[in-house]
Amino acid sequence: MRIATWNVNSITARLPRLLAWLESTGTDVLCVQETKCAEAQFPAERLRELGYESAVHATGRWNGVALVSRIGLTDVVKGLPGGPEYEGVAEPRAVSATCGPVRLWSVYVPNGREVGHDHYGYKLAWFEALRAAVTEDAAGLLPFAVLGDFNVAPADDDVWDLSRFEGATHVTPAERAALAALREEGLSDVVPRPLKYDRPYTYWDYRELGFPKNRGMRIDLVYGNAPFAGAVKDSYVDREERKGKGASDHAPVVVDLDL
DNA sequence: ATGGCCAATTCGATTGGA
């Protein structure tokens, strides 16, 4: 089976590319982030025409996540259990479901904005709630994975120029410790192949020729438990989807499994 | 060919992204 995660930066703006991509790649399950629409505006019918069911957790112009599956979609949980609120709002940043043989989460971790900002504390609290929420499944015998935009570059090599990130979010020890805490629960980082250049970046800023100059970051991650990671045949970043007019600033991460 | 931001929203300056 083939699963993938993709921060689409508006599913409405990305719909033509998304539908064509699902068909051309034969993806069985797609974890979507930044739908940027209300749940009622989610293009569930268009996806159904292609044979996909959708589980959507979205409220409006910001955030929003979904799971899109053609191999079943059951036991849907919307939201992060025990997750923190930001300015009194429980934002739609997580949805989980069982798709065929695997249990999956699609997550959009808060950005953090600036180190020391309220949003940064919120980001770390959100990570801790995620860790607590996945403990049981991470240690379980069934294939399980958390996929999405984690908004953290796990290692120095995961950003194009570390000197440009001095004092910035996405690379701080506290954020990386939050990823390490997830790994200590039994999840491992399924690192994709790059299809060009030496690093598997998944995000390139729209500004200043970020993509043509390969000024990227690896922040879209697949964290799988042992049964999941052991079934991985291949994984790659589909940088072709970052090209051209109407691209998201993130590329899909694809994982092929013997399941 | 991969090109000097993009998307949603009070319809256009603002917010958020990372």
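What's counted below: heavy atoms across the whole structure, side chains too, no hydrogens, waters or symmetry copies. By convention in this document, chain letters (A, B, ...) are assigned in the order of the sequence lines, proteins followed by strands, and residues within each chain are numbered from 1.
- B:dC6 atom P lies 19 Å from atom CG of A:N111, rounded to whole Å.
- Comparing the P positions of B:dC6 and B:dT2 gives a spacing of 15 Å, expressed to the nearest Å.
- We find that CG of A:N151 is positioned 8 Å from C1' of B:dG17, with the value rounded to whole Å.
- A gap of 15 Å separates the P atoms of B:dA18 and B:dA8, to the nearest Å.
- The 5' end of DNA chain B is approached more closely, in terms of each residue's nearest nucleotide, by A:A247 than by the other of A:A247 and A:Y203.
- The side chain of A:K196 approaches B:dT2 more closely than any other nucleotide in the set B:dA8, B:dT2, B:dG17.
- Using a 4.0 Å heavy-atom cutoff across all strands shown, A:E34 reaches sugar-phosphate atoms only and no base atom.
- Aromatic pair A:Y122/A:H119: centroids less than 6.0 angstrom apart.
- What separates CG of A:D238 from P of B:dT2 is a distance of 13 Å, to the nearest Å.
- Atom CG of A:N7 is separated from atom P of B:dA18 by 6 Å (rounded to the nearest Å).
- The side chain of A:H250 contributes an N or O atom lying less than 4.0 Å from OP1 or OP2 of B:dA18.
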**Study point:** Step-by-step side chain to side chain donor-acceptor pair (under 3.5 Å) determination, A:T59 to A:E39
**Key:** CA-CA 6 Å; A:T59 55; A:E39 194 162 322; over 6 Å; no

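- Across all strands, A:R164 comes closer than 4.0 Å to no nucleic acid atom at all (heavy-atom distances).
- Considering only side-chain atoms of A:P212, the nucleotide from B:dG17, B:dG3, B:dG16 that sits closest is B:dG3.
- The ring-ring contact (aromatic ring centres under 6.0 Å, His included) contacts involving residues 10-32 of chain A comprise A:W6-A:W21, where partners must be two or more places apart or lie in separate chains.
- Residue A:Y108 is in sugar-phosphate contact alone, with no base atom involved, counting any heavy-atom pair closer than 4.0 Å across all strands shown.
- A:G112 comes within contact range of no nucleotide atom at all, as no heavy-atom separation falls under 4.0 Å.
- Considering only side-chain N and O atoms, A:N9 lies nowhere under 4.0 angstrom from the phosphate OP1 or OP2 of B:dC6.
- With P as the reference atom, B:dA1 and B:dC5 are 22 Å apart, rounded to whole Å.
- Of the candidate nucleotides B:dT2, B:dG3, B:dA7, B:dG3 has the atom lying nearest to any side-chain atom of A:L209.
- Taking atom CH2 of A:W204 as the reference point, atom C1' of B:dG4 lies 19 Å away to the nearest angstrom.
- Between A:W204 and A:N214, the side chains place a donor N or O and an acceptor N or O closer than 3.5 Å (distance only, hydrogens not considered).
- Per the geometry, CZ belonging to A:R61 stands 14 Å off P belonging to B:dA7, to the nearest Å.
- Of the two residues near DNA chain B, A:A38 and A:M217, the one whose nearest nucleotide lies more 5' is A:A38.
- Rounded to whole angstrom, the span from the CG atom of A:L195 across to the P atom of B:dT2 amounts to 14 Å.
- Across all strands, A:R242 comes closer than 4.0 Å to no nucleic acid atom at all (heavy-atom distances).
- A:S10 has a side-chain polar atom (N or O) that falls below the 4.0 Å cut-off from OP1 or OP2 of B:dA8.
- Applying the side chain to side chain donor-acceptor pair (under 3.5 Å) test to residues at least two apart or on different chains, the pairs with a partner in residues 173-193 of chain A are A:K123-A:E175, A:R131-A:E185, A:T135-A:E185, A:D156-A:R176, A:T172-A:E175, A:R183-A:Y223, A:D189-A:R218, A:R193-A:D234.
- Residue A:T12 is in sugar-phosphate contact alone, with no base atom involved, counting any heavy-atom pair closer than 4.0 Å across all strands shown.
- Straight-line distance between the P atoms of B:dT9 and B:dG4: roughly 25 Å, to the nearest whole Å.
- Under 3.5 Å, the side chains of A:R2 and A:T27 contain no donor-acceptor pair of N or O atoms.
- One finds no side-chain N or O of A:R207 lying less than 4.0 angstrom from the OP1 or OP2 phosphate oxygen of B:dC6.
- In this structure, CG of A:D149 is placed 5 Å from P of B:dA18, rounded to the nearest angstrom.
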